[in-house]
Amino acid sequence: MDETYKTIYRIRVEHEYFTGLAMPQMLALALTDRGMRQARRNGMLFRQVASGEWELVHDGCHTIEDSPLELGMSVADPQSWHYTVWPKMMPPIEAIKDETDKEKKFNIRKAHTLAIPVPRLKEDKNKNPKTDTTAKVEIDVAASIRDVVEEITVGDRKIPRRRMRGFGEPFCIVELGIDGGLLKYVRVPECVLRFHAPAFKWEYLFLSKLEVDESRGKVALKDTKTSIAFEVCKKNEDNRPNMDAHAPQWHFVSTAPVPLRAAYGCRLRLVLEKEEEKKNSKGKAEMEEEKKDNTLQVLIAQVPPPEPGRFLDTTGETLRQICYY
């Protein structure tokens, strides 16, 4: 087949959550029944060549219709609902419950569509359009996805409403723009589906069965590699769960939201450290003391990052992690 068919279009998925890592199988793309009939008429095949990559191939004999090719987009990784930005994003369960809300909210039970234009070369007088440039389309999925609207007849009126998905139907129908011009390019045209990752504040609650002599210093959550900072420790809040009335509890919240990533460059440690020394009578800071490691005791050497979707507060802005030791 590879000796007969020629690649005329490539589709690739990029996601901020997997920055610096190989793209896993997050999405599935396949021809719908309608798209399959069109592909047969046009002498085309649609196949997956790698994780997050697909290509459209042509037999070189049939004419390509100037009509969008219909693909079905499905979610291969259920966790992607938690680490992906969707329009008006809500937890899927909450979106399903709210059927009467008139605001446009992303609902996995409703049908969606994504239109991708035909790739065109950008005009550049300094480049040869046949050899130096690739026809490329970049799509921000969260900004481009739309609800499928249909009309229902009530009496003498036609009322528009958002269509619900049928059983087994993909959550989004992709209309891939194609025409005969795809056969003329020297370099294979490419479409990049770009997904973004949300950012959350990190909240930690440490529950300990050990006694810590806080008279020696203060308990702190430190990032030894990157620049994730946390607010001053709060101890034994009344509204926090407690294993033991006398067990120490420490509560930390990051000072700024942290973008979700599959792998972070941070290394968090819970430590007992010396209190910061005040400036001397002359008003000069002790720079040498600041360069030294003030750690007196390491309580937890490796604190794991929060898991997307596991403990989310009611506002949807904070990820929580509970650590026992």
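Count residues from 1 along the sequence.
Shown here for Gln79 and Pro308, the closest heavy-atom pair between the two residues is NE2-O, 3.4 Å. Across all their heavy atoms, Gly177 and Val118 have their closest contact at C-CG2, 3.5 Å.
Remark: Pro24 engages Phe18 in a side-chain contact (heavy atoms from CB on, under 4.5 Å) (not counting sequence neighbours). For Gln38, there are no side-chain hydrogen bond (donor to acceptor under 3.5 Å, both in side chains) partners, not counting sequence neighbours. Contacts of Tyr17 classified as ring pair (Phe, Tyr, Trp, His ring centres under 6.0 Å), with partners at least two apart in sequence or in another chain: Tyr83.
By the neighbour-count criterion of 12 heavy atoms within 6.0 Å, atom CZ of Arg41 is densely surrounded, having more than that number from other residues, nucleotides or ligands.
Checked by atom type and distance alone, the side chain of Asp223 pairs as donor or acceptor with a backbone atom of Ile228 at under 3.5 Å. Gln25 places a side-chain N or O within 3.5 Å of a backbone atom of Leu27 that can act as its donor or acceptor partner. A donor-acceptor pair under 3.5 Å is formed between the side chain of His58 and the backbone N or O of Asn42. Put simply, the side chain of Ser51 gets close to the backbone of Met23: a donor and an acceptor are under 3.5 Å apart. Checking side-chain atoms of Glu70 against main-chain N and O of Thr32 turns up no donor-acceptor pair under 3.5 Å.
Trp250 and Phe230 have their aromatic ring centers separated by at least 6.0 angstrom.
Between Ile8 and Tyr185 the shortest side-chain heavy-atom distance does not fall below 4.5 Å. Between Tyr204 and Leu268 the shortest side-chain heavy-atom distance falls below 4.5 Å. Between Phe200 and Pro257, the closest side-chain pair of non-hydrogen atoms is not below 4.5 Å. Side-chain contact between Leu176 and Ile11 is present, with heavy atoms from C-beta onward closer than 4.5 Å. Between Phe252 and Trp202, every side-chain heavy-atom pair lies at or beyond the 4.5 Å cut-off.
With values rounded to the nearest 0.5 angstrom, Leu299 atom CG is found 6.0 Å from Leu272 atom CG. Distance check, rounded to the nearest 0.5 Å: CG of Leu221 to CZ of Phe206 gives 4.5 Å.
With respect to the salt-bridge test (charged N to carboxylate O, under 4.0 angstrom), the residues Arg194 and Glu14 qualify. Checked for salt-bridge contact, Glu203 and Lys201 miss the test: no charged N lies under 4.0 Å from a carboxylate O. The pair Asp179-Arg120 meets the salt-bridge criterion, since a charged nitrogen lies less than 4.0 angstrom from a carboxylate oxygen.
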